[in-house]
Amino acid sequence: MKIDLTRLVTESRNPASANIDTLSTLDMLAVMNQEDQQVALAVKAQLPHIAKAVNAITTAFAQGGRLIYMGAGTSGRLGILDASECPPTFGSKAEQVVGLIAGGHPAILKAVENAEDNTELGEQDLKDLKLSNKDVLVGIAASGRTPYVLGGMAYAKTLGVTVVAIACNPQCAMVDEADIAITPIVGPEVVTGSSRMKAGTAQKLILNMLTTGAMIRSGKVYGNLMVDVEATNAKLVQRQVNIVVEATGESSQAAEAALNACNRHCKTAILMLLAGINAEQAKARLEQHNGFIRNALNKHQ
């Protein structure tokens, strides 16, 4: 089927960059920067819809469900990027946030021909993951019409899965298929049709909000500190110490001692120091209060 791309906002020509190839390097970059400034405002207009998605994802997590991203090309890569950053940042399980890309892992580095045009592939990838109605599916596509994503969304609906769409064209098939539609209208790209630019930036901002917001709502953040961060390198070992110091006001020596006593789990170390209890007691309290430090403190103060 022939697609009329001229009807898509993301495929239209941008008059602000019509002569960008004639500009100096500095002026060329100024045009890009000016256009990029529209992205945050476009995302701001979608905050109510993003909030609905965050709440749905938080509920899914509480029920043992997953957040599954699905996209092709840049959109798929951004989903995989966001998913891969959750475990080291929030101490979440690798399977809690999953990124799918049309064409599988080879498509992360190199385009896989025709994969995005295959609706059956989208459905099959979700079947392989054993998608259930506890999960939330987020379809990502700048155009809002990618067959791979639409195939996955349609299958998810048959299971009663909450389906979210992130698209940069307001009237598109993905919006019609979604329970929650997030449609930041960033306008035409600086380079016509290059949706890895403004559209990709908008998608990245929204994905950051979805996972960070849901993790905050799930008790993974105390104040603005990532209290479930895993120490996988020297920088993160020191970050753990800094986090415990910031959260408790104790010395770095006290923070280090508490971390060593609880197998370097920031949240446990913080509760130990704030409540004046040992590692075993702190761990038990956190389990009782689903990992929320404030609840564990307020209950016993």
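Surrounding CG of Asn263 are at most 12 heavy atoms belonging to other residues, nucleotides or ligands under 6.0 Å away. Heavy-atom contacts from other residues, nucleotides or ligands closer than 6.0 Å to NZ of Lys157 number more than 12.
Looking only at distances, a side-chain donor or acceptor of Asn169 sits under 3.5 Å from a matching main-chain atom of Ser143. Checking side-chain atoms of Ser17 against main-chain N and O of Val190 turns up a donor-acceptor pair under 3.5 Å. Looking at Gln240, its side chain does come within 3.5 Å of a backbone N or O of Val229 through a donor-acceptor pair. The main-chain N or O of Glu230 is never found under 3.5 Å from a side-chain atom of Arg239 such that the two would form a donor-acceptor pair. Between the side chain of Thr146 and the backbone N or O of Tyr148, no donor-acceptor pair lies under 3.5 Å. When atom types are taken as modelled, the side chain of Ser132 and the backbone of Lys134 share a donor-acceptor pair closer than 3.5 angstrom.
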Could you go through Arg264 and Glu256, starting from their C-alpha distance and side-chain angles, then the distance that decides it, and tell me whether this counts as salt bridge (charged side-chain N to carboxylate O under 4.0 Å, His left out)? CA-CA 8 Å; Arg264 302 205 70 85; Glu256 185 70 50; 2.6 Å; yes
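Evaluated for a side chain to side chain contact (heavy atoms under 4.5 Å, CB included) with Leu137, the options Leu126, Thr162, Leu100, Val98 yield exactly one hit, Leu126.
Of all heavy-atom pairs spanning Ala282 and Leu271, the tightest one is O-CD2, 3.5 Å.
Lys127 forms a cation-pi arrangement with Tyr155, by the criterion of a distance under 6.0 Å to the ring centre and an angle within 45° of the ring axis.
Side-chain contact check for Glu189 versus Asn14: every heavy-atom pair is 4.5 Å or farther apart.
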